[in-house]
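Heads up, the thing below is written out as structure tokens.
Side chains included, hydrogens not; waters and symmetry mates left out as well; all remaining heavy atoms used. Counting convention: from 1, in listed order, for ligands and their atoms alike.
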Amino acid sequence: MRSEMEQDILKVLVTEEELKARITELGEELYTRFAGRTPLFLSVLKGSFVFMADLVRACQLKSDVEFIAVSSYENATASSGRVKITHDLQQDITGRDVIIVEDILDSGNTLVFLKQYLMTRGAASITIVTLLDKPSRRTKAITADLAGFVVPNEFVVGYGLDYCQQYRNIPYIGVLKPEVYSA
Ligand code: 5GP
Ligand code: MG
């Protein structure tokens, strides 16, 4: 039976099974890349929290977790491209191999900012892992080191990603019905 929430979903872009299989692969890839090291998985809140939980368990390395929250300064016409930190790192990352865990790479503003910020905080290396990549929307020259799925230029929800803070607990990636936005 579909929940009331799921009745708002127009179509599924990535199923639960596809997510699970791909995250297993990403975990194994990171395990190989970071063998013998102790990376710091850095979740970009809130959107990446579900992906983060699955990714760290798919990668059985000695590692630790950290969280950061950012938001873009918006203005009436468009996102200005400036990003601010709303919840900062709670530990010293000097000399650490940081794995940024992001939900979706869209314009690239967030990750360009974060990469620069983590460098100023002394990270030894920065690896970007994004669950979703929307390359058609990129305005900044940045690519992920690892991406789960390439998605078309549509607004997606589920598996941590929200619309107005909701739908994060849908277990797959989907697109909302147009009437949800106009409601
Ligand atoms: P950026 O444009 O800086 O690359 O991405 C900024 C943030 O916008 C992403 O981390 C994500 O939180 C949000 N975002 C971009 N595209 C989508 C989308 O299709 N769905 C949702 N829910 N959030 C998105
Ligand atoms: Mg995000």
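- In the model, Y172 has a side-chain atom that pairs as donor or acceptor with a side-chain atom of E6 under 3.5 Å.
- Shown in contact with E154 at under 4.0 Å from a heavy atom are these atoms of ligand 1, numbered in order with element: 19 (O).
- Only the side chain of E102 comes within 4.0 Å of ligand 1, counting heavy atoms alone; its backbone N, CA, C and O stay farther away.
- For ligand 1 and T110, the ligand atoms under 4.0 Å from any heavy atom of the residue are 1 (P), 3 (O), 5 (O), 6 (C).
- Side-chain contact check for D103 versus V44: every heavy-atom pair is 4.5 Å or farther apart.
- Looking at Y167, F113, Y159, F155, it is F155 that brings a heavy atom closest to atom 23 (N) of ligand 1.
- In this structure, the ring of Y163 has its center less than 6.0 angstrom from the ring center of Y181.
- Close approach of ligand 1 to D162 (heavy-atom distance below 4.0 Å) involves ligand atoms 21 (C), 22 (N).
- Side-chain contact check for S71 and T86: no donor-acceptor pair (N or O, by modelled atom type) lies under 3.5 Å.
- V157 does not count as a contact of ligand 1, since none of its heavy atoms falls under 4.0 Å from the ligand.
- For the residues D103, L132, L45, the heavy atom positioned nearest atom 10 (O) of ligand 1 is part of D103.
- Of all the atoms in ligand 1, the ones that sit under 4.0 Å from a non-hydrogen atom of K134 are 16 (N), 17 (C), 18 (C), 19 (O).
- Legend: residues meeting side-chain contact (heavy atoms from CB on, under 4.5 Å) with P171, ordered by chain and number and at least two apart, are E16.
- Heavy-atom proximity to atom 1 (P) of ligand 1, evaluated over S48, S107, G47, P152, is greatest for S107.
- Taking any N or O of Y163, backbone or side chain, none lies under 3.5 Å from an N or O belonging to ligand 1.
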Salt bridge (Lys or Arg N to Asp or Glu O under 4.0 Å) assessment of R22 paired with E17: CA-CA 9 Å; R22 184 69 182 121; E17 293 72 25; over 6 Å; no
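- The proximity of L111 to ligand 1, defined as any non-hydrogen pair under 4.0 Å, does not occur for either the backbone or the side chain.
- Residues that satisfy the side-chain contact (heavy atoms from CB on, under 4.5 Å) test with N153, not counting sequence neighbours, are K134, S136, R137.
- Side chains of Q165 and K46: a donor on one and an acceptor on the other come within 3.5 Å.
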